[in-house]
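For reference, the structure is listed below as C-alpha cells.
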Amino acid sequence: MGNTILEQLNPQQIEAVKKVSGPIMAVAGAGSGKTRVLTNKIAYLIEEIGVPAENILAITFTNRAAEEMRTRIFSLVDLPLKGIWISTFHSLGAKILRREIGHLDYSLNFQIIDDDDVIVIVKKLMKESGYEIKHFSPKAIAGLIEKIKGEENLLEVIQPPLNIVLKELYPKYCQYLKKNNLVDFEDLLILTLRLFKEFPEVLKTYQRKFQYILVDEFQDTNDMQYELIYLLAKEHKNLFIVGDEDQSIYAFRGSNIENIRKFMRDFPDHHKVVLNQNYRSRTNILEAANSLIRKNHNRIPKDLFSELGTGEKVIHFRAQNDEEEAYYIFNKIKSLFKSGYNYKDIAILYRNNAMSRRFEDVLLHYNIPYKVIGNVSFYKRKEIKDIVAYLRLLVDPGDDHALLRIYNEPRRGIGGLTFDKIETEAKARNLKLFDVIDESLSTISDKALEKLRKLKQDLAQIRKDIEEVNLLKTYDSVLEKSGYLGMLEQEDLSIEKKLEAEKRIENLKEFKTVILEKIKDYDPGVSNYEKLINILTDMALREESDEYNENEDYVSLMTTHSAKGTEFKGVFIACLEQGLFPSSQSLFERFDIEEERRLFYVALTRAKELAVLTSARQRFMYGRLQENLDSQFIEEIDSTYLERLGLAKTKEIERTTIRHRQQKEVVVDVVPTYESKHNDLEIGDRITHKSFGNGVVVALSADKATIAFSKDHGIKTLMKDHPSIEKTR
C-alpha cells in the first residue's frame, strides 16, 4: 500500500503521514487535503507500521466527518479494521461511559438527553420552584446551565436576579439527571474527565488502549476536550493534531483558539508540518484571502498557494439598496447557470439567519430552486423523539423523563394536573412514576390510570420477548401497542391533518430503516437489548442534519458558520457592511474582530472558481432603513485581486480622482470654527467622545472618522480632529 498511497500526496503531506512517533502538529490551511492526510496516516500506521487497529483513536467534530474518514480508511487498508475508534468527542465520552459509568454510581443503561429535553426539564423545575416562564426564559436558563457545567465559577459572575435563580435550579437540575439516570451532552465530557481523575486505573486502561491518537480541527476544541486528549496522550505522547488558527470560528460555542498554543507548550518537543498547498481554489481567491488574514495578530504564518490557475478576480459589487443587491445576485446566478454551472455549485453566504429573507424572496419569485441549510434534523422531529421516548422506556422503565414526554401521546385521558398528582405522589414516596401507578392513589381514580397501566404491561411483555424476535419486530410492536401508529392512521382526520400524519408515518418507517442499518453492524453475540441501548445512544449523539441530497439541484443559502467544511464553484458573500459583518458587537474588542475576520476568511475560501462580495448603501433590516459603510474586510483585501462593480466602481474612480487632486493641490491655511487638535487616528483605534461615550474607529477619510459607538448611539461620521474626540488606544 505504502508507495501507492504516498504517491498521491505532496511532500508536506508525506512528511505528516510518515512521522509517526511523538507529538506532531499539522498546520492545515483551507482546502489543503487534511482529511486525506488523516486517513492516509491511519492506513500507514496499520499497514506499514503494523499498529493494531484497536490501538488507534481518531477524533473529529461531526458524525458525518467521522463516517467519511471511516469509509476512506476502509478503501485504503487490506487488513481488518475491527476495533478502531473513529468518533466525535461526545461519542468517545458516551462509549467510555457505557463501559465505565458504574464507577460513578450510574446504571449502564443511562440515557442521553438533547437540548430540547434540557429545556423541558428546566421548565418543569422552574414550575416546581415557583419561577414564572414569562419572567425567565427556560431556553436562556438551560443555556446558562450548560455553560456553568463546564465552568462552575460562572455562577459567581452572573448578576442578580439570574444568579439567584441559577443557584437554586442548577443543583436541582443535576440531581434530577442523576436520579433519572440521564446524561446531557456536557456530562459526556464532564463525567468522562471525572472518571479519569477519580479512578486512575480506568485512565491507565485507555492510555494503554489508545497508543496513537489523531485529532481533526484541533483549533475548535474547548478546554474540556483538550484536557481529555491531554490525559489520554500524556504517557506515550503519540498525538497527531490537525488544525488551523485561521479557521477558528467557534468561540461562541466555547472553542479555545489558544489550545494550539497550549499543545505547543505542553509538548515542547513537537514536530510541526505546514500544509499550505490548496487543492480547492484559484490563485486570485487565495491571494485575496491571504492578504486579509495577515491582518490578524499572533498567528502561525502561512500563505496558501494553488496550482489550479489564476482564475477571475474577486468581485465586489456595491448596490444602492438591498433589493438591488438581491437582484444582482439573482442575475449573476442565472448567468452562471447558462454558462454551465449547476445550481448546487452555488452558495449565498451571510453573517446571520435574518439576512436570508431578501434572497429567498427573489429566488422564489423567479423559480430558482434553493434551500436554506440548517432545517430541523430528522432526529429532532416530534414523531421520532416520541418513539425514541417509548424505546427508552422499553430499556429502562424508570426513565421518568421519557414517560413525561409521552404519557398522553396518544391521548390516554391523563391531563397535566393528573400527571402532576402522580409526580407528587412518586416524589413523596421516593418511587419511580411507573412504580407508583400500580397502586391505588387517593387523589386519582383507577380509571384515569387504567391506560397508563396497560402501556406499562405492554412494554414489559415486549421487553420480555426482545431476545426472541428481530429488533424490527420489537419496533413494530412498540408502534402498535403504544397506540402511536393508530393515532396517525385515524380515518376521521381532516385532509390537512391526514397529509401531515402520512408524513409522520413515513418518518417512522424511515426510522425502521435506521434500525436495520444499525443492527447489521453488530456481532451475532450482542444481545438485542444491548443493540437497542447502543442505537439509542447513537440517536442522541446525532448532530443537526442538513439532509443534503447530492442528486438534487438547488442554490444553497447558509450562514458563514454553517459553511465551514463545504465548497462550491461559485460563492456569494452578502450583506458585507460594517456592523453586519463584522457584527456591531465585535467592533469593540480586537479578539472579537479577529474572530470575525477568520469567519470571513473561511467564507472566502469556500469558493473554488468565483467569489463575489456584495454590499448595499442602504438596507431595510430589523424594521428600519439603515445606511451602512462597506465592511472593513473588503478594504483589507489587496486591491490587486479585486474587481469593483456598481457603486464600488464609482467609489474607486472617486478615490483615484481625489488622490490625483491632492497631489496637485497647494495647502491653504484655514481658520477652524473650533479649537482644532491633531488626532492621529487609525482604523481599530478606541476613542471616547464627550457626548457619545466609548467608540471604535471603523473607517477614515481625509478629515473624517467613522466611529461605531454603543447601540444607543450607533455609527457616526465626525470630524476626526474635533476636540470632543479623545484617543484612548
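Treat the numbers as computed from the prediction; the structure is a model and nothing was measured.
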Residues two or more places apart in sequence or in another chain: which of them pass salt bridge (charged side-chain N to carboxylate O under 4.0 Å, His left out) with [X]?
X      : result
Glu258 : none
Arg98  : none
Asp592 : none
Glu100 : none

For residues Tyr601 and Ile249, determine if any side-chain heavy atom of one lies less than 4.5 Å from a side-chain heavy atom of the other.
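Of all side-chain heavy-atom pairs linking Ile249 with Tyr601, none is under 4.5 Å.
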Test item: [X] side-chain N/O and [Y] main-chain N/O as donor-acceptor pair under 3.5 Å:
X      : Y      : result
Arg598 : Ser248 : yes
Ser255 : Tyr250 : yes
Ser631 : Phe581 : yes

Not counting sequence neighbours, which residues clear ring-ring contact (aromatic ring centres under 6.0 Å, His included) with [X]? List them please.
X      : result
His103 : Phe199
Phe263 : Phe267, His270
His401 : none
Phe511 : Tyr475

Please list all pairs meeting side chain to side chain donor-acceptor pair (under 3.5 Å) that have one or both residues in residues 230-239, counting only residues at least two apart or in different chains.
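Residue pairs passing side chain to side chain donor-acceptor pair (under 3.5 Å), neighbours aside: none found.
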Partners passing side chain to side chain donor-acceptor pair (under 3.5 Å) against Lys95 (at least two apart in sequence or in another chain)
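Checked Lys95 against side chain to side chain donor-acceptor pair (under 3.5 Å); zero matches.
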With sequence neighbours left out, write down each residue that passes side chain to side chain donor-acceptor pair (under 3.5 Å) with Tyr131, or none if nothing qualifies.
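Tyr131 satisfies side chain to side chain donor-acceptor pair (under 3.5 Å) with Glu168 once adjacent residues are dropped.
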Could you walk me through whether Lys172 and Glu128 pass salt bridge (charged side-chain N to carboxylate O under 4.0 Å, His left out), step by step?
CA-CA 10 Å; Lys172 285 185 176 180; Glu128 288 177 359; over 6 Å; no
Considering only residues two or more places apart or on different chains, which pairs with a residue in residues 186-199 satisfy salt bridge (charged side-chain N to carboxylate O under 4.0 Å, His left out)?
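Passing the test, one end in residues 186-199: Lys149-Asp187, Arg194-Glu198, Lys197-Glu227.
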